[in-house]
Amino acid sequence: MTPRGTRRDDTVLGRARVSDTPELEAYYAELADREAGALWTVANKIEPWYPQPQSAPVLWRYAELRPLVRKALDLVSADDAGRRVVMLVNPGRRDVSAAVGLLYTGLQIMGPGESMTAHRHQAAALRFVHEGTGAWTIVDGEKLRVGPGDFAITPNGTWHEHGNEGDDGPVIWQDGLDIPLVNALDAGFYEVHPDLHQQPGKVVNASVATYGGNLLPYGAEKWARPYSPLLAWPWEATYAALRGLADAAEGSPYDGVIAEYTNPVTGGSVMPTMGAHMQLLRPGQATRAHRHTGSVVYTVAKGRGVSVIAGQRFPWRKGDIFVVPSWAWHEHANLDDSDDACLFSFDDFPVMRSLGFRREEAYADNDGHQPTL
Ligand SMILES: [Fe+2]
Ligand SMILES: [Fe+2]
């Protein structure tokens with residue numbers, strides 16, 4: 001794809017345009033011997049006119065991944081694997097195990113009765129449940145039960161462990177973590193819980209009971225940690241909220257009816273490094289294209305449709321996962337004329353915003369739609 005309006009000639013004044021000569025090559029070798037280099041040899045590459053993500057747009061079909069994820073149940077024990085996860089790896093980011101940009105994602109499977117030991121790490125994590133009814137997780141002592149379509153968070157530094165207490169088959173949930181970001185900043189830590197397991201409080205989903213009803217506990221000490229005190233968002237309430245929003249508002253021309261999972265105390269993103277959204281596309285709706293800084297991992301929560309990313313068409317249906325690299329044009333369409341479609345997504349927008357890197361632009365030509373390749 002040739003981004004419009006931003007491609008410029010690197011021979012204009014102020015851009016490096018030094019041709020190699022034998023003298024210069026010898027000079028570069030002298031610099032390299034001293035762990036130094038000439039900026040003009042790399043300046044145009046390390047300071048591009050606009051973002052040049054190494055990540056490609058990719059779609060992973062759930063129907064293709066599911067049998068492979070289930071196969072892992074037989075091939076490795078949960079204990080041996082630590083976490084039995086099939087990770088989704090962008091062909092341009094194999095070096096850092098990222099699905100897109102500096103975001104990691106994978107599909108974790110837990111058989112009936114299985115549980116994992118407790119640990120904590122610098123990376124923040126989130127979960128989106130694909131299938132199975134017995135999933136639980138304990139986050140800093142709070143036991144959460146989560147089912148299909150539910151979203152839950154494990155903020156960085158919180159103790160967590162999980163398992164499947166159902167007896168009707170395996171649980172498959174999607175993990176989303178900022179591991180590549182943490183590693184890019186050389187900030188990773190990992191610890192196993194000294195007792196291997198936590199003692200959960202008596203109330204299951206206590207944070208949902210406390211913070212999940214659009215009211216904040218009054219008179220209690222104000223929550224001051226940098227992440228949401230609400231740790232789980234059940235699908236039913238999320239979908240009902242989106243349907244309500246669809247009745248009350250037009251929505252975004254680029255995203256349809258979209259809502260962010262938020263920290264109820266601040267109104268901000270659920271965690272400092274990752275945000276999450278759920279969006280609804282009305283029957284037959286096609287959005288306009290836009291692009292922005294920030295990488296996004298999408299999971300189809302409901303329905304079927306197609307997204308055009310950097311000029312490529314990616315048809316999707318429930319369970320599929322696809323990624324939009326930073327600054328790539330993208331638009332979405334619901335291909336069902338009688339039912340809505342829903343896309344869950346998580347992203348690095350909080351990082352982009354807090355660093356002042358957020359930029360966004362609408363696709364102006366062709367009624368706001370990209371030509372497809
Ligand atoms: Fe973890
Ligand atoms: Fe977008």
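Start at 1 and go down the list; that is how both ligands and their atoms are numbered. In this text, all values refer to a predicted model and were calculated from it rather than measured experimentally.
Separation of the Trp173 and His162 ring centroids falls under the 6.0 Å cut-off.
Counting non-hydrogen atoms of other residues, nucleotides and ligands closer than 6.0 Å to CG of Asn214 gives a total of 12 or fewer.
By the salt bridge (Lys or Arg N to Asp or Glu O under 4.0 Å) test, Arg66 is found to be paired with Glu131, residues two or more places apart in sequence or in another chain being considered.
A cation-pi arrangement is absent between Arg291 and Tyr363, since the terminal nitrogen or guanidinium carbon is not both under 6.0 Å from the aromatic centre and inside a 45° cone about the axis.
A continuous path of hydrophobic side-chain contacts links Leu281 to Val296 [ILVMFWY only; heavy atoms under 4.5 Å]. Neither Val89 nor Val297 shares a network with the other; the hydrophobic side chains, linked directly or stepwise wherever heavy atoms of I, L, V, M, F, W or Y lie under 4.5 Å apart, form separate groups for each.
Sorted by first then second residue, the ring-ring contact (aromatic ring centres under 6.0 Å, His included) pairs that include residues 132-153, not counting sequence neighbours, are Phe151-Trp233, Phe151-Tyr261, Phe151-Phe344.
Near the Fe ion (ligand 2), less than 2.8 Å away, sit the protein N, O or S atoms His290 NE2, His292 NE2, His330 NE2. Atoms of the protein (N, O or S only) found under 2.8 Å from the Fe ion (ligand 1) are His119 NE2, His121 NE2, His160 NE2.
Side chains of Gln108 and Gln174: a donor-acceptor N/O pair is absent below 3.5 angstrom, by distance only.
A salt bridge links Glu165 with Lys143: the distance from a Lys NZ or Arg NE/NH1/NH2 to an Asp or Glu carboxylate oxygen falls below 4.0 Å.
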